[in-house]
Every structure is written in C-alpha cells, then in structure tokens.
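Report on the structure given below.
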Amino acid sequence: MRLAAGGFIVHLILIALARSIPSLNSGVLSGLDRHYLHAVYTPFSFILFYEVLLLVLALPKSHTSSVGKQYEIVSLIVIRRVFKDIGEFRDPVTWVSQLDASMMVLMDMLAAALMFLLVTAFYRVRKTVVRSPPPENLNRFILIKKSVAALLCGVLLALAAYNLVGWIFQVLGAADGQLGGAMDLDFYFFPAFFEFMIFTDVFLLIVSLPFFERYEYLIRNAGFVISTVLLRFSLSTPKPFDLAVGLVAMLYGLCVLAVFAYFTRVASQPDGSPDHGEVEPAKRDAPRTRFAAEM
C-alpha cells in the first residue's frame, strides 16, 4: 500500500509539472495525461497487482477463494477505468457534448456495482457449502497446489517485468515521436495472466480427479474453468460488450457454486432428516457426509 500511495503522489507531481512547465510537454512527459483524476490510475495499478498476488497465494488454500479473487480483480479493473475516463471530462458541459463517452462511463459504473453485488453473493453462497472430514491423502493434493502456486508466482513476476519494460520503451518512443496513442501500463499483463489461470484451473481439475472423484466436484471445477475463460474474453472484448461478458462470467460462477452448495446440503441429510446447517469438520462420524473442502 505504501507503493500505491507513493505512486499516487509521484503521478500527481508529474501532472503538476507538465501543466505548469510547458517545455516538459515535448519530452518524456509528452504522453502524460494532464488531468489530475488520471493520477488515480497509478495506485489502482499497484492495488490490482497486489490482488493478483493474493489470488496466487489463495490458490493452495481454496480454489473457490481464488475464483472469487478473479472476480474482484475484474471489478477493480472496471472501477479503475471509470476514474481514467472521468478524467477526460474537463467540466459538466463536456458530459453533455460527449454523450457517447458519458454513457460508457455510466455503464462502467453500473457494471462495477453489479460485479460488487455478484462477488458479495459469491462469498455468501460459499459459506453455505456443507463441510465434512477431508480424505487421508489431501496433504498430497495441497502440496501439488502449492507447487502450482509457486510456478504461477514466477509467471506473475515475469509478466510484470515484461509489461513494465514494454511500457518503458513505449514511453521513450513517445518522447522521440516514434509512437503515439495512450500508454497503458498493463496492456499485456492481465489478458496474459488470465490465460495462465485458465491452464492452471484445467490442470488442477485434472490432478484433482484421484482425490475428488465425485460428480459434484467435477461439475463445480469445470464450471469455474468456464467462468475463467469468459473473464479472459472480457478483457479483450471491445466496450461495452466486455462488461456483459464479465457479468455473465461472474453470474455463471455464482450459479455453479449455488447449485454445488445445494447439492452438498441435500447429500448431507441422512434419509430426509431436517437440515441443521453446515456440518462442522470435527463431526467425522456423521452418516452420508461428503467432503466439501475447498480446492
């Protein structure tokens, strides 16, 4: 968070310099946005990277938590874009004269609120999943997930370094007049990372079969893979269709988790006995219990 705060202050200072010293506009700062609201883009970039790191760290503990983190990341990307686009408007009159751009910002705001609602519902439904004792060989599966998380962490750092170097060359090229257009610090990072998440989820789905052979786990994990694929598509789909794809991805993941939670509740009731809520892991002798540990 200190990096986010420091980056925010540095960005504000650079904008102030570019606005007050015209001679700087022809140098490295030539591609810098001049509106102060654009400075919000920098701390959100650090926050997003931190969220991605938390996603990787959550993978060995809980597959469901890592999927929820993916939803959080996409919603934060939309929120960050709202701040960036609002910075393009200089005064209220601009909102009226640029009606199409204004509608795009309003759609982003509405989509971000809906994504926040879906993420909240996702974590709420997760708490209703019935839990029961883990199998004896669960530690082996957790070890596999830790190895995958370590590999994914290396991929994350490599992508971040590659993206940063590409952005630096883009800035230098813009200063020399060789490149034009807006400079995006994560023009490659998030689409590539979500592609790696797709392969990661598929790999974990395959290696989990010897540990979780039940039908409900296969359907749940496959549904999460489909949701991740849709999230990846949303990052490369033109506006405003990217919002629709992202919302469909989250809604689908929520529906899959809700059906899975309902299945575990029904399966945990012996001979139609009334449901008394979530089964605690300590109750190892409960009849017809099914292991619902996160993976």
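In what follows, residues are counted from 1 in the order of the sequence shown. The analysis underlying the following values was restricted to heavy atoms, covering all of them including side chains, and did not include hydrogens, waters or symmetry mates.
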- Message: Side chains of T120 and R124: any donor to acceptor distance under 3.5 Å?
- Response: no

- Message: Would R220 and F260 count as a cation-pi pair here, with the cationic atom under 6.0 angstrom from the ring centre and within 45° of the axis?
- Response: yes

- Is the closest side-chain heavy-atom distance between F190 and I73 below 4.5 Å? yes

- Measure the acute angle between the ring planes of F122 and F224, then classify it against the limits of 30° and 60° as parallel, tilted or perpendicular. tilted

- Quick one: does L218's side chain get under 4.5 Å of N221's, heavy atoms only? no

- Identify the heavy atoms of G246 and L231 that sit nearest to each other, and give their distance. O-CD2, 4.2 Å

- Residues L247, L118; criterion side chain to side chain contact (heavy atoms under 4.5 Å, CB included); working and verdict: CA-CA 8 Å; L247 288 170; L118 291 175; 4.1 Å; yes

- Query: Within a radius of less than 6.0 Å around NZ of K146, do more than 12 heavy atoms belonging to other residues, nucleotides or ligands occur?
  - Reply: no

- Task: Tell me, with the steps shown, if I198 and F194 meet side chain to side chain contact (heavy atoms under 4.5 Å, CB included).
- Result: CA-CA 6 Å; I198 292 172; F194 270 88; 5.7 Å; no

- Query: Is a side-chain N or O of S65 found less than 3.5 angstrom from the main chain of S62, in a donor-acceptor match?
  - Reply: no

- Message: Are the side chains of T200 and L151 in contact, using a 4.5 Å heavy-atom criterion?
- Response: no

- Between D201 and T228, does any side-chain donor sit less than 3.5 Å from a side-chain acceptor? yes

- Query: Near F116 CZ, under 6.0 Å, is it more than 12 heavy atoms from other residues, nucleotides or ligands?
  - Reply: no

- Message: If you define the side chain from C-beta out and look only at heavy atoms, does anything of L55 sit under 4.5 Å from M197?
- Response: yes

- Message: Quick one, R81 with D242, criterion side chain to side chain contact (heavy atoms under 4.5 Å, CB included). Give me CA distance, side-chain angles, the key distance, then yes/no.
- Response: CA-CA 12 Å; R81 191 169 66 187; D242 60 335; 2.8 Å; yes

- Task: Go through Y262 and E216 one step at a time and tell me if the side chain to side chain donor-acceptor pair (under 3.5 Å) criterion holds.
- Result: CA-CA 10 Å; Y262 178 74; E216 62 269 26; over 6 Å; no

- Checking side chain to side chain contact (heavy atoms under 4.5 Å, CB included) for the pair V78/M109: CA distance, chi angles, key distance, verdict? CA-CA 8 Å; V78 175; M109 294 167 59; over 6 Å; no

- Message: Using side-chain heavy atoms (C-beta onward) and a distance below 4.5 Å, is R232 in contact with P191?
- Response: yes

